[in-house]
Amino acid sequence: MELGSLIGLVVGVVLILVAILITGDWNPAMIGEFGDAPSVMVVLGGTTMSAFIAVKLSTFVTAMKAIGIIFKPPSTDPAAAIDSIVTLANTARKEGVLALEESANNMDDAFLKKGVMLIVDGTDPELVKDIMETERSWTEDRHGMIAGVWEMLATYAPSWGMLGTMVGLILMLLQLDDPGAMGPMLSVALVTTFYGCILANFLCNPIASKLKQISGEEILLKTVLIEGMLSIQAGENPRIIEEKLKSFLAPALRSGVGAKEAGAGGGGGGDE
């Protein structure tokens, strides 16, 4: 569970509600004043329909499903990946590249397994590099498309909020002969803008940013794995491979490389 997303969502809602209550002298009825079905229809419905026009329905559905990723992102541990690569390098150095096939059969990481099997099959190093980098590139593109849908929604929502406000103001101006009705109608008109701002800046933009961060971590992991596999195929020293791959990590993360082996008394890392 990604606690940051959960905390941000829950505490954000609480802060908004508390701010409304404080402004309304702690009158719970004030929260109800911010509920308006037509405003929801204009902002949420309009924003969604704009997205339907802009992207394929399947892409939009995939973007909606991606909400779950910000709460439970895929596991990406580059330090553990480096340990796995070093273990494979030691195996290849002692027993030969063909011995990696047995290790590949026990791997959960499909990307790493694919690369190892290409090496075992004797594929040309340049071709291995091209295949793995192409998969990484297309993964990054797909992730960028999904994050882009959320950024697009964040762009549309305030515009639809403003459109709803304009509709409300037009209706209000038509009631100039009834001053008592102008106040409530103006309030409803402004609520629509409020919804647009909340949808864009509290949900859509933050979700897009979190998806980009998660994607960046996955792409970094794939980059580490590609470099590691190519180094194994080139027959480089496992210790040199470890130092090379550690350069991809922030200094604070480098101490985690080899920690499992050290804690186990120097045993092999393996693939988990």
Side-chain angles (χ1 to χ4, degrees), residues 1-2 62 65-66 68-69 72-143 146 213-272:
M1 173 66 72
E2 215 300 294
T62 302
K65 292 180 179 179
I69 295 177
K72 194 175 181 180
S75 177
T76 54
D77 187 349
I82 294 174
D83 288 339
S84 297
I85 289 293
V86 172
T87 299
L88 293 172
N90 279 315
T91 299
R93 190 176 183 84
K94 295 175 183 177
E95 304 175 30
V97 172
L98 293 179
L100 297 179
E101 184 172 4
E102 182 178 352
S103 299
N105 292 330
N106 298 321
M107 291 177 182
D108 294 327
D109 190 320
F111 186 79
L112 178 59
K113 182 176 181 178
K114 179 178 181 179
V116 171
M117 291 307 299
L118 287 172
I119 294 173
V120 171
D121 291 340
T123 309
D124 182 78
E126 283 300 319
L127 183 55
V128 173
K129 182 178 181 181
D130 288 343
I131 292 173
M132 303 311 291
E133 287 186 345
T134 297
E135 182 168 339
R136 179 189 61 186
S137 176
W138 279 109
T139 299
E140 188 173 14
D141 288 345
R142 290 194 302 270
H143 292 176
I146 299 305
Q213 180 183 356
I214 294 171
S215 175
E217 292 172 353
E218 184 175 343
I219 296 305
L220 171 63
L221 178 63
K222 290 185 184 302
T223 300
V224 169
L225 292 176
I226 291 173
E227 287 296 324
M229 287 184 285
L230 292 175
S231 296
I232 291 174
Q233 190 173 27
E236 296 179 9
N237 185 293
R239 188 62 185 170
I240 299 301
I241 294 175
E242 178 179 328
E243 292 302 318
K244 179 198 295 186
L245 298 184
K246 283 166 67 174
S247 65
F248 285 95
L249 307 183
L253 298 178
R254 294 176 187 175
S255 59
V257 178
K260 183 184 296 184
E261 286 80 353
D271 294 283
E272 300 181 354

Just verifying a value: how many Å separate [X] [atom1] and [Y] [atom2], rounded to the nearest 0.5 Å?
X    : Y    : atom1 : atom2 : value
I85  : I232 : CD1   : CD1   : 4.5 Å
L245 : D83  : CG    : CG    : 10.5 Å
L225 : F248 : CG    : CZ    : 10.5 Å
E135 : T139 : CD    : OG1   : 5.5 Å
K113 : D108 : NZ    : CG    : 9.0 Å
M132 : L127 : CE    : CG    : 11.0 Å

Legend entry - Expected output: side-chain S137 to main-chain E133 donor-acceptor under 3.5 Å: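 No, because the side chain of S137 does not come within donor-acceptor range (under 3.5 Å) of the backbone of E133.
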Legend entry - Under 3.5 Å: donor-acceptor pair, side chain of R136, backbone of I219: no
Minimum heavy-atom separation for [X] and [Y], please, with both atom names.
X    : Y    : result
P74  : E218 : CG-OE1, 4.3 Å
A99  : T91  : CB-CG2, 4.1 Å
L88  : S103 : CD2-CB, 3.7 Å
V128 : T123 : CG2-CB, 3.6 Å
L230 : P125 : CD2-O, 3.8 Å
K244 : S231 : NZ-OG, 2.8 Å

I want to check something: taking the side chain as every heavy atom from C-beta on, are [X] and [Y] in contact at a cut-off of under 4.5 Å?
X    : Y    : value
M229 : F111 : yes
I82  : L249 : yes
E101 : M117 : yes
I131 : K114 : yes
N237 : R93  : yes
E95  : L100 : no

Legend entry - E243 bridged to K246 by N-O distance under 4.0 Å: yes
Legend entry - Electrostatic pair K222:E140 at N-O distance under 4.0 angstrom: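 Salt bridge absent between K222 and E140.
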Legend entry - Greater than 12 external heavy atoms within 6.0 Å of E102's CD: no
